[in-house]
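For this chain, numbers begin at 1 and follow the sequence in order.
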Amino acid sequence: MNGFWENEYVQIAAYYSVVILCSIVFLTVFELVTKYKNWEEIKNGNLSVAMATGGKIFGIANIFRHSIIQHDSLFSMIGWGVFGFALLLAGYFIYEFLTPKFRIDDEIQNDNRAVGFISMVISIGLSYVIGAGI
């Protein structure tokens with residue numbers, strides 16, 4: 001049985017499955033902290049929400065990419081991925097704090113594409129910094 005877990009195909013399937021599950025959980029957390037309903041807004045054609053959500057998805061995947069590369073065990077990869085997500089979430093709150101003249105969530109919900117684009121780039125950019133630290 002020990003050889004089963006050392007098989008590269010099994011390891012890839014395990015990493016893939018765990019990252020998909022973590023991504024769903026993390027996107028749910030983002031859904032809870034934003035004022036709008038991501039998937040409902042995307043269904044209605046809100047490009048700003050789509051860009052911001054796409055940036056979050058990319059950011060989560062990129063953090064896990066670095067976590068998989070740097071850590072040998074599945075549990076270590078999960079731990080660092082969760083830590084990276086917590087930092088990405090903190091970055092979201094910092095971004096909101098640093099823009100006191102307007103509310104990020106309100107602007108994205110109102111399809112302000114400039115704010116949606118910046119949100120996407122911030123998520124992607126932070127994921128590279130977080131990933132390098134992992």
Side-chain angles (χ1 to χ4, degrees):
M1 190 66 173
N2 196 24
F4 176 77
W5 294 111
E6 293 174 3
N7 183 304
E8 288 183 35
Y9 294 107
V10 172
Q11 289 177 351
I12 291 169
Y15 286 136
Y16 175 82
S17 301
V18 167
V19 170
I20 293 294
L21 180 62
C22 287
S23 295
I24 291 168
V25 170
F26 297 161
L27 287 172
T28 302
V29 170
F30 271 122
E31 181 93 19
L32 293 172
V33 300
T34 57
K35 291 182 178 179
Y36 51 86
K37 302 291 182 202
N38 291 322
W39 302 110
E40 194 173 304
E41 291 290 333
I42 291 169
K43 180 183 169 201
N44 293 331
N46 188 326
L47 185 59
S48 298
V49 173
M51 285 189 292
T53 303
K56 292 169 188 168
I57 292 168
F58 184 94
I60 292 166
N62 193 39
I63 287 168
F64 274 106
R65 171 191 174 272
H66 286 281
S67 184
I68 289 167
I69 290 171
Q70 295 298 324
H71 301 285
D72 292 337
S73 76
L74 187 64
F75 292 114
S76 178
M77 181 273 297
I78 294 169
W80 283 103
V82 169
F83 178 68
F85 168 73
L87 292 175
L88 191 64
L89 186 63
Y92 170 81
F93 289 121
I94 292 168
Y95 174 42
E96 184 77 55
F97 176 75
L98 291 176
T99 54
K101 299 232 183 230
F102 59 90
R103 304 272 311 145
I104 301 299
D105 283 351
D106 293 339
E107 294 298 320
I108 291 174
Q109 186 174 16
N110 292 331
D111 203 13
N112 182 333
R113 293 178 184 174
V115 176
F117 180 75
I118 292 296
S119 295
M120 177 183 72
V121 172
I122 286 173
S123 293
I124 292 170
L126 285 178
S127 76
Y128 277 96
V129 174
I130 293 165
I134 289 176

| request: List for me each residue that meets side chain to side chain contact (heavy atoms under 4.5 Å, CB included) alongside Thr99, sequence neighbours excluded, and say none if there are none. | output: Tyr95, Phe102, Ile104
| Any chance OH of Tyr16 has more than 12 other-residue heavy atoms, nucleotides or ligands included, within less than 6.0 Å? | no
| said: Please tell me whether Val25 and Ile68 are part of a single hydrophobic cluster in this structure, the criterion being side-chain heavy atoms less than 4.5 Å apart. | reply: yes
| field | Nearest-0.5 Å distance, CZ of residue Phe26 to CG of residue Leu21 | value | 9.0 Å
Show me, pair by pair, the donor-acceptor contacts under 3.5 angstrom made by side chains of residues 49-65, not counting sequence neighbours?
unit_1, atom_1, unit_2, atom_2, d
Thr53, OG1, Val49, O, 2.8
Asn62, ND2, Ser127, OG, 2.9

| message | Using 0.5 Å steps for rounding, measure from the CD1 atom of Ile124 to the OG atom of Ser119. | response | 11.0 Å
| Passes side-chain hydrogen bond (donor to acceptor under 3.5 Å, both in side chains), Tyr36 versus Asn110? Steps please. | CA-CA 10 Å; Tyr36 51 86; Asn110 292 331; over 6 Å; no
| Would you say Val33 and Leu89 make side-chain contact, with heavy atoms under 4.5 Å? | yes
| query | Quick one: side chain to side chain contact (heavy atoms under 4.5 Å, CB included) partners of Leu74, sequence neighbours excluded? | reply | Ala14, Tyr15, Val18, Met77, Ile78
| message | Please report the interatomic distance NE2(His66) to CD1(Ile130), rounded to the nearest 0.5 Å. | response | 10.0 Å
| query | Distance from Ile42 atom CD1 to Trp39 atom CH2, nearest 0.5 Å? | reply | 4.5 Å
| task | Please check if Ile12 and Ile20 belong to a single hydrophobic cluster, counting links between Ile, Leu, Val, Met, Phe, Trp and Tyr side chain heavy atoms closer than 4.5 Å. | result | no
| said: With clusters defined by side-chain heavy atoms of hydrophobic residues (ILVMFWY) lying less than 4.5 Å apart, directly or transitively, does Val29 cluster with Ile122? | reply: yes
| query | Under the side chain to side chain contact (heavy atoms under 4.5 Å, CB included) test, which residues partner Lys37, sequence neighbours left out? | reply | Glu31, Glu40
| query | What distance separates Ser123 OG from Tyr92 OH, expressed to the nearest 0.5 Å? | reply | 9.5 Å
| query | Where is the tightest heavy-atom contact between Ile108 and Asn46, given as atom of each residue plus distance? | reply | O-ND2, 3.2 Å
| Heavy-atom distance under 4.5 Å between the side chains of Gln109 and Thr34, does that happen here? | no
| said: So, using ring-ring contact (aromatic ring centres under 6.0 Å, His included) as the criterion, who are the partners of Tyr128 when residues are at least two apart? | reply: none
| With sequence neighbours excluded, what pairs up with Phe30 under the ring-ring contact (aromatic ring centres under 6.0 Å, His included) test? | Phe85
| query | Does Phe93 share a hydrophobic cluster with Ile118, counting links as ILVMFWY side-chain heavy atoms below 4.5 Å and allowing steps through other members? | reply | yes
| request: To the nearest 0.5 angstrom, please state how far the CG atom of Leu87 sits from the CD1 atom of Ile134. | output: 7.5 Å
